Amino acid sequence: MQGKIIAFSAPSGAGKTTIVHRMLERIPELSFSISACTRDRRGRSETNGQDYYFISVQEFQDKIRHEEFVEWEEVYEGAFYGTLKSEIERIWASGKHAVLDVDVKGGLSIKEFYKDRALAVFVKPPSMQVLEQRLRARATDSAASISSRLYKAGFELTFEDRFDEVVINDDLDAATAQAEKLVRDFITAEPAIL
Ligand SMILES: Nc1nc2c(ncn2[C@@H]2O[C@H](COP(=O)(O)OP(=O)(O)O)[C@@H](O)[C@H]2O)c(=O)[nH]1
Ligand SMILES: Nc1ncnc2c1ncn2[C@@H]1O[C@H](COP(=O)(O)OP(=O)(O)O)[C@@H](O)[C@H]1O
């Protein structure tokens, strides 16, 4: 089997994390690619080596220098996130396909790096108003952080056309069904006809 890689990207609050979880529940051939990041772990709700590999900025910079990342971004000021080559190799060696939750630039970098082994999916909110409601309802961000995420979202939405596929996340079950079909079709297709 040739391992593949599926990246879900979206403006913050559009629902990519929710959709990625649902893909992992429904498609046993997938394994989550754990990113390295430098932000603080959120108390008990996150586990090192499960949600992220939480590392210092110094360690992150060493990994950049040693070319250990497929891609990395400073997603928020001072917070670096990156996909490790070793993580993708680990997943492929286990006989699974990698699924990623990455920001918009990250999804495009993955597509550029892995070419036809990668599927880049853009998860789109139905509108900016709905995006704002979801960020507020999630209750994980301050008012300032919500404003900056919305501002960034306006810019990120302009990249939609560069993705292989777009899933509009209005009704969650409909979006999940659409994403599941895209992923299943992609992992069963022969590389030559992708
Ligand atoms: N480029 C890139 N972005 C990542 C990576 N891992 C996570 N992200 C993105 O970083 C952002 C911040 O994630 P997180 O800290 O979990 O915050 P939250 O999504 O706002 O709860 C999200 O948009 C993730 O998709 C990565 O390896 N590379
Ligand atoms: N289709 C949907 N309808 C309503 N709420 C949703 C939908 N999809 C996700 N949500 C909710 O919106 C919030 C943001 O979703 P999340 O998956 O955290 O987004 P992201 O990972 O893109 O930042 C969460 O509280 C989630 O439960």
Side-chain angles (χ1 to χ4, degrees), residues 5-25 32-43 45-55 60 63-64 68-88 91 98-114 118 120-142 144-150 152-153 155-157 159-160 163 166-180:
I5 181 161
I6 301 117
F8 283 90
S9 301
S12 180
K16 62 187 172 308
T17 306
T18 307
I19 290 178
V20 164
H21 279 140
R22 286 182 160 213
M23 294 304 104
L24 289 162
E25 278 166 14
F32 182 63
S33 167
I34 303 160
S35 295
C37 88
T38 65
R39 76 153 164 75
D40 291 337
R41 186 169 66 85
R42 291 177 190 140
S45 68
E46 291 184 324
T47 307
N48 187 29
Q50 187 176 313
D51 299 288
Y52 285 106
Y53 298 112
F54 293 98
I55 62 175
F60 200 98
K63 289 185 188 300
I64 294 174
E68 291 180 42
F69 289 111
V70 179
E71 61 79 35
W72 61 270
E73 295 289 336
E74 185 176 4
V75 177
Y76 303 112
E77 212 178 308
F80 295 87
Y81 294 78
T83 307
L84 292 160
K85 292 176 186 167
S86 59
E87 181 67 6
I88 304 301
I91 292 170
V99 63
L100 281 67
D101 173 339
V102 289
D103 79 337
V104 170
K105 275 200 214 156
L108 293 174
S109 302
I110 292 288
K111 185 172 146 63
E112 199 177 305
F113 190 89
Y114 289 107
V121 183
F122 187 89
V123 178
K124 190 178 175 182
S127 66
M128 286 296 272
Q129 286 75 14
V130 171
L131 185 65
E132 184 170 356
Q133 283 163 13
R134 285 189 191 160
L135 284 169
R136 289 190 194 288
R138 188 170 68 176
T140 51
D141 298 282
S142 64
S145 162
I146 290 177
S147 301
S148 83
R149 280 165 200 254
L150 288 171
K152 195 174 170 193
F155 174 66
E156 289 170 327
L157 285 167
F159 289 92
E160 170 188 341
F163 280 75
V166 176
V167 171
I168 298 177
N169 184 19
D170 190 354
D171 175 76
L172 181 57
D173 287 337
T176 303
Q178 188 192 348
E180 185 176 351

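Whatever order the structure lists them in is the order used to number ligands and atoms, beginning at 1. Please read all numbers here as calculations on a predicted model, not as lab measurements.
Side-chain contact between Phe163 and Val104 is present, with at least one heavy-atom pair separated by less than 4.5 Å. Residues Phe8 and Val121 are in side-chain contact: their nearest non-hydrogen atoms beyond the backbone lie under 4.5 Å apart. Contact check for Tyr52 versus Arg42: no side-chain heavy atoms found under the 4.5 Å cut-off.
The pair Arg22-Asp173 meets the salt-bridge criterion, with a side-chain N (NZ, NE, NH1 or NH2) lying under 4.0 Å from an Asp/Glu carboxylate O.
Geometrically, ligand 2 and Asp101 share no nitrogen or oxygen pair separated by less than 3.5 Å. Considering backbone and side-chain N/O atoms, Thr18 comes within less than 3.5 Å of an N/O atom of ligand 2. Between Gly15 and ligand 2, at least one pair of N/O atoms sits closer than 3.5 Å.
Not a single heavy atom of Ala139 lies less than 4.0 angstrom from ligand 2. The shell of residues lying under 4.0 angstrom from ligand 2, judged by heavy atoms, excludes Ala175. Look at Ala137 and you'll find every heavy atom at least 4.0 Å from all atoms of ligand 2.
Of all atoms in ligand 2, numbered sequentially from 1 with element shown, those under 4.0 Å from a heavy atom of Pro11 are 22 (O). The contact set between ligand 2 and Asp170, taken as ligand atoms under 4.0 Å from a residue heavy atom, comprises 1 (N), 2 (C), 3 (N). Those atoms of ligand 2 with a heavy atom of Ser12 less than 4.0 angstrom away are 23 (O).
Around ligand 1, the residues contributing at least one heavy atom under 4.0 Å from the ligand are Ser12, Lys16, Ser35, Arg39, Arg42, Tyr52, Glu71, Glu73, Val75, Tyr76, Tyr81, Gly82, Thr83, Asp101, Val102, Asp103, Gly106, Arg138, Arg149.
With respect to atom 18 (O) of ligand 2, the closest heavy atom belonging to the protein is Arg138 NH1, 2.9 Å. Here the heavy atom of the protein found nearest to atom 12 (O) of ligand 2 is Arg134 CD, 3.5 Å. Remark: minimum distance from atom 8 (N) of ligand 2 to any protein heavy atom is reached at Asn169 ND2, 3.0 Å.
Judged by the 6.0 Å and 45° rule, Lys152 forms a cation-pi pair with Tyr76.
Ring planes of Trp72 and Phe60: perpendicular class, angle over 60° (limits at 30 and 60°).
Within the 4.0 Å heavy-atom criterion, neither part of Val123 lies near ligand 2.
For the side-chain hydrogen bond (donor to acceptor under 3.5 Å, both in side chains) test, residues two or more places apart in sequence or in another chain that qualify with Glu160 are Lys124.
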